[in-house]
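Chain letters run A, B, ... following the sequence lines, proteins first and then strands; every chain starts at 1. Only heavy atoms go into these numbers, but all of them, side chains included; no hydrogens, no water, no symmetry mates.
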Amino acid sequence: MPSKFDPLSTEKEILKFWEQNKIYEKLKEYNSKFEKKFLFIDGPPYPSSPIPHIGTVWNKVIKDCILRYERLAGFRTYDQPGYDTHGLPIEVAIEKQLGIQKKSDIIEKIGVDNFVNKCKEFALNNASSLTANFKNIGIFMDWNNPYMTLHNDYISNSWMLIKKAYERGLLYKGVHVLHWCPRCETTLADYEVSEYKEIEDPSIYVKFKVKGSENRYLVIWTTTPWTLPANVFVMINKDYEYAEVEVNNEILIMAKDRVSDVMKEAGIKNYKIVRTFKGVELVGLQYIHPLADIVTAQKGLDNYHIVVDAGEEVTLTEGTGLVHSAPGHGDIDFEIGKKIGAPVVMLVNDRGEFLPEAGKYVGKNVRSAAEEIINDLKQRNALLHSGKVVHRYPVCWRCKTPLILRAIEQWFIGVSKLKEELLKEIDNVKWVPDWGKTRIGNMVREIRDWVISRQRFWGTPLPIWICKNCGNIIVIGSRDELEKVAITKVPEDLHRPWIDKVVVRCNKCGGEAHRVPDVADVWFDSGVAFFASLGKDWEKKWKEIGPVDLVLEGHDQLRGWFFSLLRAGVILLDRAPYNAVLVHGFMLDEQGREMHKSLGNYVEPSQVTENEKYGRDVLRLWLLRNTTWEDAKFSWKALDQTKRDLNIIWNVYVFASTYMNLDNFDPRIYNLDNLKQYLRIEDLWLLSRYNRVVKEVKESMNDFKVHELANKMTSFIIDDISRFYLRLVRKRAWNESNDPDKIAMYYVLYEVLKGSLVLLSPVIPFTTERIYQDFVVDKKDSVSMESLPEVKEEFINDKIEKEFELSKEIAEAGLNARAKAGIKLRWPIKNAYVFLVSDIDVEMANNVKEVIKFLLNTKDVEIGGIEGYRRFSKIKATPNRGTIGPDFKRLTNKIVEYIENNSEKVASDIIAKGYHEVVIEGEPVQIKVNHVNILEETEEGYISARFNKGVVVLKKEISKEEEEEGIVRDIIRRIQFMRKQLNVQINDYILLYIKAPEERTEMLKKWTDYIKSETRAKEVIIGEVKGDLILPWEIEDEEYIIGVSKS
RNA sequence: GGGCCCGUAGCUUAGCUUGGUAGAGCGCCCGGCUGAUAACCGGGAGGUCGCGGGUUCAAGUCCCGCCGGGCCCA
């Protein structure tokens, strides 16, 4: 493998390798033989744009990581991607393309068939482009076989849900007040009302004259004057306090607490509250509608124009405490009106224009008519005040037109009846994280019936036929079923307009039944994915491979897709269709804002993946390291760091590969049992660490915690292997012979690195594939065909890991002491002293004495109890809370304080007798050695560094012998540098010439053998200036001239 | 108005399910080219873990309230 890490060219190479060697196809074939199954259903993205958002890339990379991991884990993995291809996003895009302004133009000018075909083409093109982008970042899914909601098999399968709902008595056509887009001319469900805009609307106070009075008026407030022609009654809260307010000889009735605000807003300064009373007095009061003479629909409504108690639906935060109600244009109005038997007056057509029943306003757009309505009110002395208000108003999620509310007849599935079943089912699902369950639970408690019909073209046609003769409803569950009852040809394409022409024979009267014209809600399309995507014979397939093992999407899908899947699963199968849900966060910009092209903060994935500084795996690793369910902020700095980490990982494999290849090491001819006796303690430590990490990672992945996989594996390779183990074992690789000591090290390293490669392959598949092809000798076609490494519990050794942790802590303190004393690490010292508080720590440190010596670069190390520090120090005691707490409970803080205030006395008693006695709050207390840490201050001539388990002491002064060896090591270092400059290979010999200061010449002659062996020199000639490369070096203020030649 | 999430060193964050003396990277200060890698390695300083209560011998971690920020519903 190349020694230099170059992600961009590596990744292109691997993309080609995968393509040319059909790696995915081979993997699929290989994987299909596994016994256990893992069914994954892809949440279908909208192919509305060919370039994916980084957040979408994160989504795909998480999915890819999990799928790759499940394959390694031995699961037969169902990995079909999906695309959501119907609905308003596509329709609006095509309308724009074709310059269509209104729905009727589609029918009259373009033709529905033509329109539908263009929608289809658009969706397929974008899907194709997205697919290429996903493949490019290494997403191993079945891209030749995506499910698409526009496929006829998918549509045919999906009909079964509606039929099942019908059979269960859940399907109905009914009237509800729903949001309506007058431009798109379709209803929208609540969950599609996701966009709001700041909109200016009229804010008017209107007087409704009390019937039978001369000058008494109910005052109502509205920002939707267009709903006044449809007014049926007025709502109050009977428990509120109301007032009669005298203004210009008129009595205005409103809530007492609203009087001053209303007067202020209306600019009325002269008014008087003449009476206050409970709202109950108003109930049943009749009023006269101010526009009755010009609104046809108001005829016959006199008896309904009364004041009604609506309880807490009426608030005092704004308005007057009297609420004008138009059941045809308001949700709450509708529900209250149903209770009291009031008629539903709905005066607006699909385009947002008034119907003839609106009388004077017929044909006018509801928003445009506001001014005229306000004028008419004024002329009738019914307008108290007219102003403007800017408020957040819902707009169409695709075309941004302000929505209106209309009571309209639509097709519903009565899911509110299934509330208890839904709540029970979410308990049976694993939610990662837990709060996903709490959230969706709250949604279920507030669930409303599912409006599944839409008045558009490009969608799944509702499979509902109604007999023209007798009105019988026929619900069809599949294409096969339709063919059996159709008396006309069933077209290949089940879309509108062709499906509209299919006539069905009525099974009741023999008459002709025609399809209702509606198409289905897009959440219907995605909600049926778990079975509709299985193709023909979905029921048989479901029995084989259902239920879904995992669905995985952003947290917005709790209310969206996860919810629609859940509803569909319970309706169709009486169960949640999935076993587990993983929720991921959103990708934000560096400031925490959402990324949008219009905001100029949008980063395209290719800015990372095609950047020679980074690459695909850098992006993948960084994405996966973020905590999956939390929103993440994009960060170039974090990508820099990730690149560095990947480089270190690469170098670990370069090191291992280089030396193993040099020695022709073949792991297949050895086994661990034979090599066990040659293992050093650091080998055992690495095996312990490795098996522990493998175990932890497997546990993490049981919960699909991919960020823990990514973080633990990279940390293990970088911290444990690169920064620690390789430093310890490097010298073992230099040995020329096939020494078992070296082979043992190679064997352990190979096993660990190979297993690590496999575990990392779901995270960084490009890099691991490249390394795998060079590093692994017993290899398969691809790293992705490997199996997860086994956990060998017998190697997990708490004791060794603690010993090595201790050695690190000792080394850290020792290096600190060196730095304080100004002693370079390269200079060997004769002695270091380590004093530890705990006898157990002393024993452990002695077990890793050789490691400590190496790490400190000392010839010897004296390890002992903390009392040994007395030779160098004065002593003190500090409290150890971890042991005081359990022993003394509530006295703990007092004892801690006592020890701190009597440090030396406590310390000396403990040293002398093993304990210190004191009375605290009347209780005798015996402080023992394990209750404290004994620390001491260092004498002159020595330098120490404390750490929480003890102290490391070094002699400040360097001896002559130590100095000589230090200089030799400095010389050796320069020689290594020059070898590199000459491009001398690791196993090549050199000739060496060294000219030293006169007083060093004799000294150097004593060290020539040492220098030879350390630098791989054939000869060392002292005193001559010669060589292919000659450089002067200044070492300890003296000049040395070193010459190097290849031999 | 209701629900959910987040708050740890100057910056970015791990730790929380399973309570025990708070870790990492960058930045800052001081060192180093001990034959993979200077795109590297080492040491140090720096943290009232948003605030206040509670449970506990012991709380970043569990419970309650508040403050600030974000998302969803209305």
Student: Closest approach to the side chain of Q641(A), judged atom by atom: which nucleotide of A36(B), G25(B), A14(B) is it?
Tutor: G25(B)
Student: Please give the distance between the P atoms of C26(B) and C67(B) as a whole number of Å.
Tutor: 39 Å
Student: Starting at the 5' end of RNA chain B, which residue's closest nucleotide do you reach first, F586(A) or N711(A)?
Tutor: N711(A)
Student: Could you check which of C4(B), C72(B), A36(B) has an atom nearest any side-chain atom of T438(A)?
Tutor: C4(B)
Student: If a protein heavy atom is under 4.0 Å from the base, mark B; if only from the sugar-phosphate, S; if neither, -; do that for nucleotides 58-70 of chain B going 5' to 3'.
Tutor: -------------
Student: Pairs counted as Watson-Crick or G-U wobble with both distances under 3.5 Å: what dot-bracket string results for RNA chain B, using | for bases tied to another strand?
Tutor: (((((((..((((......[..)))).(((((.......))))).....(((((..]....)))))))))))).
Student: Using the C1' atom on both, measure G7(B) against C40(B) and round to a whole Å.
Tutor: 35 Å
Student: Counting heavy atoms from C-beta on, name the nucleotide in C72(B), U17(B), C4(B) closest to the side chain of R559(A).
Tutor: C72(B)
Student: Is it possible for you to check whether R727(A) lies under 6.0 Å from the centre of the six-membered ring of F724(A), through NZ or CZ, and within 45° of that ring's axis?
Tutor: no
Student: Could you please name the option among C6(B), U17(B), C71(B) that lies closest to any side-chain atom of E630(A)?
Tutor: C6(B)
Student: Apply salt bridge (Lys or Arg N to Asp or Glu O under 4.0 Å) to D645(A) and R625(A), showing your working.
Tutor: CA-CA 12 Å; D645(A) 288 345; R625(A) 280 170 160 196; 2.9 Å; yes
Student: What's the closest nucleotide to the side chain of E446(A) if the choices are C73(B), G3(B), U13(B)?
Tutor: C73(B)
Student: How does protein reach along nucleotides 37-50 of chain B, written 5' to 3' as B (base within reach of a heavy atom under 4.0 Å), S (only sugar-phosphate), or - (no contact)?
Tutor: B-BSSSSS------
